[in-house]
Amino acid sequence: MAAPIKNTSRLSLAMERTGQWVFSQEIPTDVIVEVGEANFNLHKFMLVAKSNHIRKLILETKESDVTRIILSDIPGGPEMFEKAAKFCYGVNFEITVHNVAALRCAAEYLQMTDKYCDNNLASRTEDFLSQVALTSLSGALVVLKSCENLLPLAHDLNILQRCVDIASAKACVEANFPSRSPPNWWTEELTILDVSFFERIIVAMKGRGAKALTIASAIITYTERSLRDLVRDHSGNGTRLIEPEDSDIRMHQRELLESIVALLPVEKAAFPINFLCCLLRTAIFLRAANSCKTELEKRISIILEHVTVDDLLVLSFTYDGERLFDLESVRRIVSGFMEKEKSVAVFNGGDFGEVCSTGMQRVAKTVDAYLGEIATFGDLSISKFNGIAILVPKGARKADDDLYRAVDIYLKAHPHLDEIEREKVCSVMDPLKLSYEARVHASQNKRLPVQIVLHALYFDQLKIRSSADDTHNNNMPGAIATRNQLEADVSLVKENEVLRTELLKMKMYIADIQKTTVTQGTSANKGSLRKTTFFSSMSKTLGKLNPFKHGSKDTFNIDDGAVDITKPRRRRFSIS
């Protein structure tokens, strides 16, 4: 409401000054010119002398005496008509870079050209444009800004294109040879423009051969000014944005962002990755078109090796930092980078699974640290956690310590997971690739599944045994011997587990057969006991006559008359 009040007060003052000046001429006015809500009491002969348009209106009217003329669509409105009227009356007024374009359009509308009257308002404004306004970058941009409400007449009069040509040329010069400090001051000047005019400047600069970094500098400054609340907050802890998604402000911001992304130069590495991440977070928040988000994701994935954990976190959290965004963008970015690295490895004739570049190793470390940061959120599902972790090939991780840390944080933040779910979380890491400190921690970690703890303990035993074997093998390098021994031991462990499983199945099968046999032969065993009673008694009688009662097999010293028939003591014999 403040702007209309200010404009109304300014209009009232202008009308008052013009009225005072006209009435001081002691000549009665004979026509009222109505411009919008403003009425100007003027003299026909003064207006007709300079304006061919007003002359035609008076001549073409059917009324004998014209007392009112309506000029509702004059460019610049009442303010510009007042200056044009002053020019008709020969009153001096100031032409500035802010009003010269509107005055030029008003002069064209009123037909105040040299064809009708020499040294008219049109030529006066043209002289000011060429000699003053368009001689500097700031002046050209101010004139261009004033043309936003003067279309299409400003375009038809070539004011728009002249401003764009001069502004782009001077911006290129300033980018290469700065005339003031700071060197990028010219990028701040461009921020006053509407995005459509800014786009014209950028296109013209590209046509003049401006470098990609020069274009990027201008776009970054313009974006941070135009979308200040959305882009410049890199922390993820910004204020709550309470504007509804379908509000005019959000729709304008969405259109502005999509226009800016369309302006990005072809060179993918021209922008810093944190700026691209902020743009993508803004695109997700504003629900921009899929093409806009896809373009940003591709640009980020190409230079992902320069990403930091904070950059990825910018994509992952809402502006208040209280909940996670959709992590699909992060997954697509990491996947795109891995596909690029795979293509490069195949092109170079290498094995992607075994040989990983330095950039991929750096990305792997960043992704593991990123997982550790987002693992604390309760709404992060196992599938999303594992989906990002498994994108990094195992060969890219020299050690799984960072990934183990992320897994441990996730298990601590989700204490209600059962054994199977915890095993799923731990499946993304290799216990055999943990450092000694990590294995010691894992062996005492009650949150880990038992299988992971056993693997960690078993690996320590393998390390000890491998170290002992290496001391007796001086001809083989220690590192190669240890690796070969570990690979052989791991293979042996897997074979032993398979054999142990098969043996357990066989024991269970035999036990089932024995139980079945015992059940079926119970009745038959009872009958056999009765039939063997006679033989049992005979064996006992013969046992009493056993001459080897003392266990000796020597029969020469036995006295036939002194046979001891006492019951021998029972002994238990075992076969070992």
Would R405 and D401 satisfy side-chain contact (heavy atoms from CB on, under 4.5 Å), going step by step from the backbone distance to the final call? CA-CA 6 Å; R405 174 181 173 273; D401 288 12; over 6 Å; no
Test salt bridge (charged side-chain N to carboxylate O under 4.0 Å, His left out) on K342 and E339; report intermediate values, then the result. CA-CA 5 Å; K342 183 177 180 179; E339 289 296 328; 5.3 Å; no
Stepwise side-chain contact (heavy atoms from CB on, under 4.5 Å) test for V330 and S316: CA-CA 8 Å; V330 177; S316 306; 4.0 Å; yes
Just do the side-chain contact (heavy atoms from CB on, under 4.5 Å) check on R162 and L129 with the steps written out, would you? CA-CA 10 Å; R162 291 164 62 189; L129 278 172; 4.0 Å; yes
Run the side-chain contact (heavy atoms from CB on, under 4.5 Å) test on V307 and F337 for me, step by step, so that the C-alpha distance in whole Å, both residues' side-chain angles and the decisive distance to 0.1 Å come before the verdict. CA-CA 12 Å; V307 77; F337 176 81; over 6 Å; no
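Side-chain contact between V425 and E421: absent, with no pair of heavy atoms (C-beta onward) separated by less than 4.5 Å. The closest side-chain heavy-atom distance from L417 to I382 is below 4.5 Å. A heavy-atom distance below 4.5 Å is found between the side chains of I249 and Q253. The side-chain heavy atoms of L448 and C426, taken from C-beta on, include a pair separated by under 4.5 Å. In this structure, M506 and I510 have side chains that are in contact, with non-hydrogen atoms separated by less than 4.5 Å. Contact of the L391 side chain with the V367 side chain is not registered, since no non-hydrogen atoms from C-beta on lie closer than 4.5 Å. Inter-residue side-chain proximity for M360 and M338 is flagged as met; some heavy-atom pair is nearer than 4.5 Å. In this structure, the side chains of L141 and L190 come closer than 4.5 Å at one or more pairs of heavy atoms.
Using a distance-only test at 3.5 Å, with no hydrogens or angles considered, a donor-acceptor pair links the side chain of K433 to the main chain of K394. Side chain of N386 to backbone of K424: a donor-acceptor contact under 3.5 angstrom is found. Counting only distance, with no hydrogens or angles, the side chain of D311 and the backbone of T308 share a donor-acceptor pair below 3.5 Å. Checked by atom type and distance alone, the side chain of S335 never pairs as donor or acceptor with a backbone atom of R331 at under 3.5 Å. The main-chain N or O of D165 is found under 3.5 Å from a side-chain atom of S168 such that the two form a donor-acceptor pair. When atom types are taken as modelled, the side chain of S146 and the backbone of V143 share a donor-acceptor pair closer than 3.5 angstrom. In terms of modelled atom types and a separation under 3.5 Å, the side chain of T221 and the main chain of A218 share no donor-acceptor contact.
The side chain to side chain donor-acceptor pair (under 3.5 Å) search around T366 returns none, not counting sequence neighbours. Legend: residues meeting side chain to side chain donor-acceptor pair (under 3.5 Å) with T282, ordered by chain and number and at least two apart, are Y319. Here N149 pairs with nothing under the side chain to side chain contact (heavy atoms under 4.5 Å, CB included) rule; sequence neighbours left out. In this view, N176 satisfies the side chain to side chain contact (heavy atoms under 4.5 Å, CB included) rule with no residue, not counting sequence neighbours. Partners of S301 according to the side chain to side chain donor-acceptor pair (under 3.5 Å) rule, which considers only residues two or more places apart in sequence or in another chain, do not exist here. Looking at residues two or more places apart in sequence or on another chain, you find no side chain to side chain donor-acceptor pair (under 3.5 Å) involving Q361. Partners of D408 by salt bridge (Lys or Arg N to Asp or Glu O under 4.0 Å), not counting sequence neighbours, listed by chain and number: R447. Residues that satisfy the salt bridge (Lys or Arg N to Asp or Glu O under 4.0 Å) test with E297, not counting sequence neighbours, are R332. Residues satisfying the side chain to side chain contact (heavy atoms under 4.5 Å, CB included) test with S179, not counting sequence neighbours, are E174, W185.
V100 and A133 get closest at one heavy-atom pair: CG1-CB, 4.4 Å. Across all their heavy atoms, S217 and N184 have their closest contact at OG-CB, 4.4 Å. Nearest approach of M205 to I215, heavy atoms of both residues: CB-CD1, 3.8 Å. Of all non-hydrogen atoms in A171 and L137, the two that sit nearest each other are N-CD1, 4.3 Å. Among all heavy-atom pairs drawn from S357 and E341, the shortest one is OG-OE1, 2.7 Å.
Shown here is I420, whose CD1 atom has no more than 12 heavy atoms of other residues, nucleotides or ligands within 6.0 Å. Heavy-atom contacts from other residues, nucleotides or ligands closer than 6.0 Å to NZ of K211 number 12 or fewer.
Rounding to the nearest 0.5 angstrom, the gap separating the NE2 atom in H414 from the CG atom in L380 is 5.5 Å. Atom NZ of K206 sits about 12.5 Å away from atom OG1 of T214, to the nearest 0.5 Å. The structure places CD1 of I300 at 10.5 Å from CD of E295, a figure rounded to the nearest 0.5 Å. Rounded to the nearest 0.5 angstrom, D400 CG and R439 CZ are separated by 12.0 Å. Rounding to the nearest 0.5 angstrom, the gap separating the CZ atom in F271 from the CG atom in L213 is 9.0 Å. Note that CD1 of I159 and SG of C147 are 5.5 Å apart. Values are rounded to the nearest 0.5 Å.
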Return all side-chain donor-acceptor pairs below 3.5 angstrom for residues 257-267, not counting sequence neighbours, or 'none' if the list is empty.
from: E258; atom 1: OE2; to: A289; atom 2: N; distance (Å): 3.0
from: S259; atom 1: OG; to: E255; atom 2: O; distance (Å): 2.9

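The aromatic rings of F198 and Y222 sit parallel to each other, their planes meeting at less than 30°, with 60° as the upper class boundary.
The salt bridge (charged side-chain N to carboxylate O under 4.0 Å, His left out) analysis of residues 179-204, with sequence neighbours excluded, yields the pairs E188-R225. Sorted by first and then second residue, the salt bridge (charged side-chain N to carboxylate O under 4.0 Å, His left out) pairs with a member in residues 357-383 read E305-R362, K365-D402, D368-R397; sequence neighbours excluded.
Side-chain atoms of S136 and S138 form no donor-acceptor pair, as typed in the model, at a separation below 3.5 Å.
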